[in-house]
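Since the structure comes first, as C-alpha cells, the remarks are kept for the end.
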Number of protein chains: 2
Amino acid sequence: MKSKRHKELPKPTGRPLSFDPHKALDRALDVFWRKGYDGASLSDLTKAMRINRPSLYAAFGDKEKLFRKVLDHYAEGPASHSRAALQEPTSRAVVERLLYGTADMLTSDRNPRGCLWVQGALACGDSADSVRKELISRRLGGEAALRQRLQRAIMEGDLLPDANPTSLARYIAIIIQGMSVQAASGATRSQLRGIIDIVLESWPSRRNT
Amino acid sequence: MKSKRHKELPKPTGRPLSFDPHKALDRALDVFWRKGYDGASLSDLTKAMRINRPSLYAAFGDKEKLFRKVLDHYAEGPASHSRAALQEPTSRAVVERLLYGTADMLTSDRNPRGCLWVQGALACGDSADSVRKELISRRLGGEAALRQRLQRAIMEGDLLPDANPTSLARYIAIIIQGMSVQAASGATRSQLRGIIDIVLESWPSRRNT
DNA sequence: CTGATTTCGTACCGCACGGTACAGAATAGA
DNA sequence: TCTATTCTGTACCGTGCGGTACGAAATCAG
C-alpha cells in the first residue's frame, strides 16, 4: 500500500514542482521515439524535458522506469487509436481504422517516424534486455487483443467462418510493424495507404461489411 | 589506386595473421545481428571474434567500417536468397521464394532471430546515424530491385497488366520487414509460413504461374 | 645470423554514460 | 519568524565506451 499522493487530498508540503510532469513525459516520449531506449541518453532526456537529472530521478525513478511510463503515455496518446479501433462494429471496420489510423500516426509531422513499440528496443545491448522483452510483450498483447476481436467477429457473422483469427491477427500485426519500418525509411502517408488498399482488398469479410 | 595485396602475388612479408578474417567476420556478424550496431560493444566483438582490439582495427578499420563489411558478408551469406529469388522465372515464383526463404532465414537456429537490415540500426543514437542511413538505403535498394523484377513480369505477361509494381514491391517489403519484427518477437517458422500463405492467396499473377 | 616488416598483446587515453551526494532555495504550518 | 519538508542545481562518482601507443613476437630476404 504505497499511496504517495491522493488526488482528493493534494496537500503538498515542501517546495513545489517547478515543471509539469505531463509535459515532461511528452518530451521524453519524443526523445525515446526518435532514438530508442538505448540511443536516448540521460543528457538527451534532461535537455529535452528541461529538467535537471536529480529532478528526473525524483519524479520518474531511473531510466527504465521513465521509459515504461513513457510507454503508457504513448499508448494513451499517439497510439490510442489502436485500442479505439477495436470498438468498431465489424471486423473490416476494425482493421480499416486500425491500419489507416496507424498509417496516419506513423507519418504525422507531429511525431517522429515509426512506432515506439517497434523501434524502442528491437536489437540492443544487454542493459536494455528487460525493456526489449517488455516491448515484445506489449506487441504480442496488442496482437492478442485483435485476435479476440476477430474471433468475436466470426461469432457475430461479419467475418467468414473459415477464417483463421490467429493468422489474420498476426498478418495485420505484420503489416503494422512493416509499415513502421517503412515509415522509419521515409515512406509517405499516401504510400502506406496504397499498401493498406492492397491488404483490404483481400480481407475475408462477409457481404460488404 | 590502393591495391594492398594482389591475390596472384601472396608474398606477405612480416608476421602472418593469426586468425581467419572470414571466420572473424562471421562472428562479428553474429554479434551485430543480435545486438544491433549500437548495442554491440567493441568488447563484445573482440571477444566473439577471438582477436584483440588492435588486430580488429588493423584488419577492418573502425567499428563502422567493420559493420559495413559485415553487411556485405550478410548479403552474400545468410541473406543471399533475396538476390537469388529475383532470378525465378515468374513473379509468383520470385515472391514465393523470397518470402519462404526469408521466413526460413528469420527462424533458423543457426542465426539470431530477425533481419540485420531491419534491426541493425532502426532507432539509435546520433553516433550511429550514418549507419542508420546506410541500412535505409539498402532496404530501399532491395525494394527497388523487386520493383524492377515485377515490371519485367508485367511485360512478360505473368503478372496482371493493371498491377502496380511499385505498390506491390513495397507491400512485399512490408511483409518481409514485419516478419523480421515478428521473428524478433519469437514467431516460429510455421507461423510465418501461415502469413505467407495469406499473402500469396491474393497475388495477382496471371493464370496459375 | 642480421635487419626489415608486419602482427600481437598489454596497457592506456579521453570521454560520455547512468546515477547520486549535498547544500541551498522554496513552500506550508506553527 | 522558525521549523519541517520537498524540490533544485552543481558538481561529482565509478564504469564502460571507442580508439590507440608501444614494445615484444613472428615471419621473410639476404
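In the text below, chain A, chain B and the rest are named by the order of the sequence lines, each starting its count at 1.
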Rounded to the Å, how far apart are [X] [atom1] and [N] [atom2]?
{"X": "B:L56", "N": "D:dT20", "atom1": "CG", "atom2": "P", "answer": "12 Å"}
{"X": "B:Y57", "N": "D:dA21", "atom1": "OH", "atom2": "P", "answer": "12 Å"}
{"X": "B:K63", "N": "D:dG18", "atom1": "NZ", "atom2": "P", "answer": "4 Å"}
{"X": "A:K65", "N": "C:dG18", "atom1": "NZ", "atom2": "P", "answer": "16 Å"}
{"X": "B:F60", "N": "C:dT7", "atom1": "CZ", "atom2": "C1'", "answer": "14 Å"}

Set of residues satisfying salt bridge (Lys or Arg N to Asp or Glu O under 4.0 Å) with respect to B:D72, sequence neighbours excluded: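 For B:D72 the salt bridge (Lys or Arg N to Asp or Glu O under 4.0 Å) partners, ignoring immediate neighbours, are B:R138.
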Salt bridge (Lys or Arg N to Asp or Glu O under 4.0 Å) partners of B:R113, counting only residues at least two apart: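 With neighbours one apart ignored, the set is B:D109.
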When the side chains of residues 46-57 of chain A are checked against the rest of the protein, which donor-acceptor pairs come out under 3.5 Å, sequence neighbours left out?
| unit_1 | atom_1 | unit_2 | atom_2 | d |
| --- | --- | --- | --- | --- |
| A:T46 | OG1 | A:L42 | O | 2.9 |
| A:T46 | OG1 | A:S43 | O | 3.3 |
| A:R53 | NH2 | A:S43 | OG | 3.1 |

Would you be so kind as to tabulate the donor-acceptor pairs closer than 3.5 Å made by side chains of residues 146-154 of chain A, with sequence neighbours excluded?
| unit_1 | atom_1 | unit_2 | atom_2 | d |
| --- | --- | --- | --- | --- |
| A:R149 | NE | A:L86 | O | 2.9 |
| A:R149 | NH2 | A:E88 | O | 2.7 |
| A:R149 | NH2 | A:P89 | O | 3.2 |
| A:R152 | NE | A:E156 | OE2 | 2.8 |

With sequence neighbours left out, what residues match A:S82 under side chain to side chain donor-acceptor pair (under 3.5 Å)?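 Here no residue qualifies.
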According to the salt bridge (Lys or Arg N to Asp or Glu O under 4.0 Å) rule, which pairs have a member within residues 181-194 of chain A, sequence neighbours left out?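 Every pair satisfying salt bridge (Lys or Arg N to Asp or Glu O under 4.0 Å) with a residue in residues 181-194 of chain A: A:D104-A:R189, A:D104-A:R193.
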Can you sort out which residues in residues 34-47 of chain A have a heavy atom within less than 4.0 Å of DNA chain C? Ascending by number, please.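 Correct list: A:A40, A:S41, A:L42, A:S43.
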Can you tell whether the side chains of A:D26 and A:K23 come within less than 4.0 Å, N to carboxylate O?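 No.
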Counterpart residues, ring-ring contact (aromatic ring centres under 6.0 Å, His included), relative to A:Y171 (two or more places apart):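 A:Y171 satisfies ring-ring contact (aromatic ring centres under 6.0 Å, His included) with no residue once adjacent residues are dropped.
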Tabulate protein N/O versus nucleotide N/O from nucleotides 8-10 of chain C, keeping only pairs under 3.5 Å, one per line.
| unit_1 | atom_1 | unit_2 | atom_2 | d |
| --- | --- | --- | --- | --- |
| C:dC8 | OP1 | B:S18 | N | 2.8 |
| C:dC8 | OP1 | B:S18 | OG | 2.5 |
| C:dC8 | OP2 | B:S55 | OG | 3.0 |
| C:dC8 | O4' | B:R15 | NH1 | 3.3 |
| C:dC8 | O4' | B:R15 | NH2 | 3.4 |
| C:dG9 | OP2 | B:N52 | OD1 | 2.6 |
| C:dG9 | O5' | B:N52 | OD1 | 3.2 |

